[in-house]
Every structure is written in C-alpha cells, then in structure tokens.
S.K.: 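Here you go, one structure.
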Amino acid sequence: MSKELRGIPAARGLARGVALKWMSADLEIPRFTPDDLAAEKARLAKARQEAKKQLHALSAQVSQQVGDAEAALFEAQAMFLTDVVLVSRAETAIETGMNAEQAWHQACEYFAAQLENLPDETLSARSVDVRDVGRRVIENLLGVHSRPLLTSQTILLARDLTPSQTASLDKTKISAFCTVEGGPTSHTAILARALGIPAVVGVGDEILEIADGTLLLVDGTAGLVVSNPPPDLLADFDKRIQSERELREQEAKFASQPAVTIDGHRVEVAANVGSVDDARKALEYGADGIGLLRTEFLFLNRSQAPGEQTQFAVYSTILALMGTRPVVVRTLDVGGDKEVPYYDFGIETNPFLGYRAIRLSLDHPEDFKSQLRALLRAGTKHDLRIMFPMIATLAEVRQAKKLLDEARGELQSKEVDMAKDVQVGIMVEIPAVALLADRFAPEVDFFSIGTNDLTQYTFAAERGNKRVSHLHDPCHPAILRQIKKVVRAAHAQGKWVGVCGEMAGDLQAIPVLLGLGVDELSMSPVQIPSAKRVICNWSLVDAQKLAERVLDLDDAEAVRKAVG
Ligand code: PEP
Ligand code: MG
C-alpha cells in the first residue's frame, strides 16, 4: 500500500530508489576485569590512535569531495580523542579495574551528557560528535566496523546519521537520505546539501517501519517521502526527475555566462568562500568573483591568532586563483557563536549582542592591522576589496579606516609593495546602519547586506535557535524595506550594493532583490548556476513591479506566495 510521509526538507532534489534501513546496531559493550591494567590503558591508547588516523583520512576525503569547512568537522572530532578531561576520566576508570571499552564508553557518555545540558545549541549539538568518536574507538577496540551494504539507487533510512557515517558512505550508490531525527542544520543535512544528494530529515519513527527493498520516491525540496507509489505518481515523478536533470544541464550552461536579465540588466553573481578549496569551487561554478571571503577559517581551531605571513600566504593563494575578478575580503568576524581561545570574550549573556567582529578588531588594533597589512600586500595585482563586519556606528567605520591608513603607512615606510585603489565597504547587518544608510554611503565604496544577521537583529530572534526560526525569513517586508533604503542611499551617491546572506542564493528571493536594485548577489558556489538561470529568465521591469508590490505585504509568507 502506498504511503506518504512528511519531514523537513534538508537538501533539494528528487530521487527514486530502493529503501535500505541502516540501524547502526547498538554496540554490545563487554564488561570484564582486565588482568593487566597498564596493558588495558595501552589498548585504549592504540584504539584512540587508530581513530585519529581514520578521522584524518576521512577529513582528507571529505575535503576533496565536499570542502574544507565540512572536513573540519572530523578534525574537530579528532580533538576529542586527546581531550585531557575525557581521556583521564577513562584512564582513571581503568585504574579502578574497568575494561577499556566500558571505561571509554562511560567517559564519553558523561562528557556527551554534560554538553547536551548546555544552553548553547551549537555546543550541545557537539554531543553527537562525542558519541560518534566514542563509538569509533569502541569499534576499534572490538575490531568491528558496521557499514551498510549498498547496491545502486539506494535510499538510506536511518534514525540519524552521524557525520562520519554520512561521509564514509559510497555517494555514487545513494540517491537520497531520510532520517527519523535531525533538523535543517543537522550534519546529515549540511553534508547532503554539499554533496547534492536529496535529503528529508525529521520524518519520525514511521520511516523505520518501511521494509528494506520497498520502492520509494523522495522529494527533498518538499520534504516528502512516498513508499510503494501508485503507477500514475511514479510516472509523474519520473517525468519530474527527467526535467530536473534537464534543468541541471541547462543550469550548468548558465554557469559560464554573465547573469543578464531579458531586458539587458547585468547582475554580478559572486561566491561566499570560507577556504582555498571553496575558491576553486567558486570558479568551477562560474562565480564572477568572491562577494564574501569569511576570513574566520584562518583563525578558528588554533591556539593563537595567525601571523601576518601566514595570512598573506593564504590570501595570496585565493587572490591568485581569482585573477582579476573582484574579491571582497571580510575582516575577522569572531564572537557570537564563533569563539577562539586567544581572545578574552568574558562572560556574555547574549554573545550575539556582545563582543563580536569589528568591535573586537578595533579593540585589538595591532592584530587588526596585521590582517590589513597581509591583505594589502597580497592584493597588489588583484581587485581586492576590504569589508568591515557588524558595523553599528559611523565612528566605527572611521576608526577602521584610520587603522587601514595606518597599516598602509607602515608598509610604505618599509617600502613594501601594496595594493592601490582598494575599495572599502561595510556589511549592513544591524538595522541602525540600514536606517542611516544615507549617512554611511559617503564613507564607503560599497555596502554588502548580511541578511542572516540583519534578520536576527531586526526580529530579535537568534539565528541558531530552532524555537524562533519561524521569525527568520529574510523575505519579510521589514527586511525588504531596509534593503530598499540601503540601495536608494547607495545609488544616490554612486555606490554599489551586494547581498551576501543566505537570501542571495534563495531562488524565490532573487527576483525581489533584483527588483529592489541590488547590484551583486553572493552565495554558496553550488547555488550560482541556478541563480544565474533565474536572473536570465526575468526582466528588470517585471522584477521592479514585483518588488514594489511585495513591500506592502504583511509577512514573508505573503511575499513568497506573491513570487510563486
Ligand atoms: C550575514 O550575516 O548575512 C553574513 C553573510 O555573515 P555571517 O553569516 O558570516 O554572519
Ligand atoms: Mg553576519
């Protein structure tokens, strides 16, 4: 009998395939009293060492297949293997006469439970990683490794997939993922999106009642799973799969073309980049440039800030890859949910309203100038643009520009070659800046609207908090009106405006942004071909009419309905 199940759309696309449940069976963890406690500790150390090697190999594989940001997940997992608190808890348990498997299991469970109880969602979600690492070490101790047997066209059903499970599967044989648990930002969802595999998460327990071998249809865009589809639905789905395939082929052609509307208006389509590998992807998917280089990737997961030379080397590599295409580099944006151990953030009740981005940089002028010098040196033969994040006041822009002048002066005094005519812009992420855009415009060369934070601060709804995620749609007229204000103010003074929040790659939002007069859209590289296709199929005049109409609607839902 045919059955429809609904879940959360996690990665777009359609798939037809055969169900295979992957119940990573609960591991039987043996309990015994070892004879030789020192040998037991050594056994645990060896299993941890093996796990470390496996995770580094997995990280290298994911870095190649998906990207550095996703690979970092496994490097972060590997760090748990040497965590002093975790390891010493397990070793102390062995000293009391417990075997390695039990000792490690109990230490990991204790650690995971502590993380789970933290109010910060990002930190509490790391309990999944601790359990994943925990299981890997125990599997090494027991010499067992569970992986599903895949044939082609498998639709994998699971309670939840841990990052290492998802990454270690043979992607060529998986048409889709469906899970009982998980949300749109769960590891499975993130990896599935990056791999281009449709996924529906959070479907509920019913998904595991489907027998292996059942024919399934998955719509990752709508969050729909259909088992034993009736012939008419199957035929219709096959047609849609075929036209989706054709669309992808068409989109691939758009990648190498400029994005020009039917009536001849050009929009720059750039990439958001967070690693050297992302820059390569940007080129592969046809980016006109980099609209947002998030430099944090250089600063996270290390014990001290990277020096000028280290930064210079990485910026040079990325700029060289991009040639003469524009590259907008955002200065350091840590704080909020991205802490680093070498800056003291104090105790913050609301980190997103606290010591973050430009606020921290202005407070550490020497570190800030070191980043600026590295950029100026790397940008000599390129179209380098520098952008300051989380600007709230005119005084901050002026201070940041003063420090940029100082960095230039320092290089000049040493007769070091540096980039000339560097455009300097700011991110519009705080409503105060959108409201005063006409006052900011004379001070900058461009604005780039960070709709992720702008939405968070407009609706007072934290971006990572699932309970308030219904307040997080940037298509709301409250955001659209701010964008209109910024574009007006900028254009009146001959400056350009980009959007680099997730909204820029949202196919429904693109015509509205186009109509509001946004000059550049910057998005994840894989989204570029579809975005270009949408732009090429609209006329600017129609987009302007649409934008005017939706500005007067009540909410984001109404705006999305109007776009269709
Ligand atoms: C934004 O806030 O929209 C943005 C692009 O910056 P980030 O997501 O890095 O905070
Ligand atoms: Mg931001």
Side-chain angles (χ1 to χ4, degrees), residues 67-69 72 121-122 184-185 190 193 268-275 278 282 287 289-300 327-340 350-361 371 385-392 396 400 425-434 446-465 468-469 471-476 478-480 482-483 486-487 497-506 509-510 513 516 518 520-525 527-528 531 556:
D68 290 346
E121 283 208 20
T122 319
T185 52
I190 293 168
R193 270 199 296 273
E268 295 285 320
V269 181
N272 289 353
V273 165
S275 65
D278 279 355
I290 291 178
L292 169 63
L293 174 61
R294 289 182 164 106
T295 55
E296 297 81 77
F297 77 97
L298 263 167
F299 290 74
L300 301 173
V327 175
V328 178
V329 183
R330 177 174 78 182
T331 60
L332 185 61
D333 181 0
V334 286
D337 58 349
K338 290 181 244 171
E339 273 205 19
V340 290
N350 294 299
F352 275 114
L353 301 182
Y355 196 52
R356 212 195 135 177
I358 197 70
R359 300 169 183 185
L360 180 134
S361 291
Q371 178 168 40
R385 302 169 183 194
I386 294 177
M387 175 160 78
F388 304 127
M390 286 284 296
I391 291 289
E396 286 169 347
I426 59 170
M427 290 199 67
V428 181
E429 301 178 278
I430 299 179
V433 178
F446 66 91
F447 292 117
S448 186
I449 306 177
T451 46
N452 307 337
D453 277 316
L454 187 61
T455 311
Q456 151 164 277
Y457 296 129
T458 298
F459 291 101
E462 198 179 306
R463 54 199 274 191
N465 186 337
V468 293
S469 61
L471 292 169
H472 238 276
D473 191 335
C475 277
H476 197 287
I479 303 295
L480 303 179
Q482 292 183 70
I483 297 176
V486 173
V487 172
V497 179
V499 171
C500 62
E502 289 302 303
M503 181 186 200
D506 177 339
I510 288 174
L513 295 174
L516 290 173
V518 170
E520 180 236 41
L521 297 171
S522 191
M523 61 199 70
S524 150
Q527 295 173 314
I528 290 173

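In this chain, numbering begins with 1 at the start of the sequence shown. Each ligand, and each atom within it, is numbered from 1 in the order the structure gives. Since this is a predicted model, take the numbers as computed values, not measurements.
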S.K.: For R356, check salt bridge (Lys or Arg N to Asp or Glu O under 4.0 Å) against everything at least two apart and list the hits.
M.R.: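 Residues passing salt bridge (Lys or Arg N to Asp or Glu O under 4.0 Å) with R356: D333, D453.
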S.K.: Minimum heavy-atom separation for P474 to T455, with atom names?
M.R.: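 Of all heavy-atom pairs spanning P474 and T455, the closest is CB-OG1, 3.6 Å.
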S.K.: Using a heavy-atom cut-off of under 4.0 Å, does the side chain or the backbone of L454 touch ligand 1, or both, or neither?
M.R.: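 Under 4.0 Å from ligand 1, L454 contributes no heavy atoms.
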S.K.: Which ligand 1 atoms does C500 reach within 4.0 Å, using its non-hydrogen atoms?
M.R.: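 So the answer, numbered in order with elements, is 5 (C).
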S.K.: Excluding waters, which protein N, O or S atoms are within less than 2.8 Å of the Mg ion (ligand 2)?
M.R.: E429 OE2, D453 OD2
S.K.: Quick one: does M523 get a heavy atom under 4.0 Å from ligand 1?
M.R.: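 Checking ligand 1 against M523, which is what was asked, there is no heavy-atom contact under 4.0 Å.
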S.K.: Within the 4.0 Å heavy-atom shell around L292, which atoms of ligand 1 are there?
M.R.: 5 (C)
S.K.: Given R463, K338, E429, identify the one with the heavy atom nearest to atom 10 (O) of ligand 1.
M.R.: R463
S.K.: List ligand 1 atoms under 4.0 Å from G450, heavy atoms only on the residue side.
M.R.: 1 (C), 2 (O), 3 (O)
S.K.: What residue and heavy atom of the protein are closest to atom 6 (O) of ligand 1, and at what distance?
M.R.: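 Closest protein heavy atom to atom 6 (O) of ligand 1: R330 NH1, 3.0 Å.
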S.K.: Please report whether ligand 1 has a polar contact with E296, defined as an N or O pair separated by less than 3.5 Å (distance criterion only).
M.R.: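 E296 vs ligand 1: no N/O contact under 3.5 Å.
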S.K.: Between T458 and A478, which heavy-atom pair has the shortest distance, and what is it?
M.R.: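 What the structure gives for the nearest pair is CG2-CB, 4.3 Å.
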S.K.: Using the test side-chain hydrogen bond (donor to acceptor under 3.5 Å, both in side chains), find all partners of S448 that sit at least two apart in sequence or belong to another chain.
M.R.: none
S.K.: Record the part of N452 in heavy-atom contact with ligand 1 below 4.0 Å; permitted values are side chain, backbone, both and neither.
M.R.: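 Both the backbone and the side chain of N452 come within reach of ligand 1.
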S.K.: Ignoring hydrogens and angles, tell me if any N or O in the side chain of E296 forms a donor-acceptor pair with the backbone of K338 under 3.5 Å.
M.R.: no
S.K.: For the residue pair R294 and R330, establish whether any side-chain heavy-atom pair is separated by less than 4.5 Å.
M.R.: yes
S.K.: Using a 3.5 Å distance criterion without hydrogens, assess whether the side chain of Q456 forms a donor-acceptor pair with backbone atoms of R463.
M.R.: yes
S.K.: Under the rule for ring pair (Phe, Tyr, Trp, His ring centres under 6.0 Å), what residues qualify as partners of F459, not counting sequence neighbours?
M.R.: H476
S.K.: Closest heavy-atom contact between E429 and Y457?
M.R.: O-CD1, 3.1 Å
S.K.: What protein heavy atom sits nearest atom 7 (P) of ligand 1, and how far off is it?
M.R.: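 Looking at atom 7 (P) of ligand 1, the protein heavy atom closest to it is R294 NH2, 3.5 Å.
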S.K.: Checking S524 against N272: is there a side-chain donor and acceptor pair closer than 3.5 Å?
M.R.: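 Side-chain D/A pair, N272 to S524: absent.
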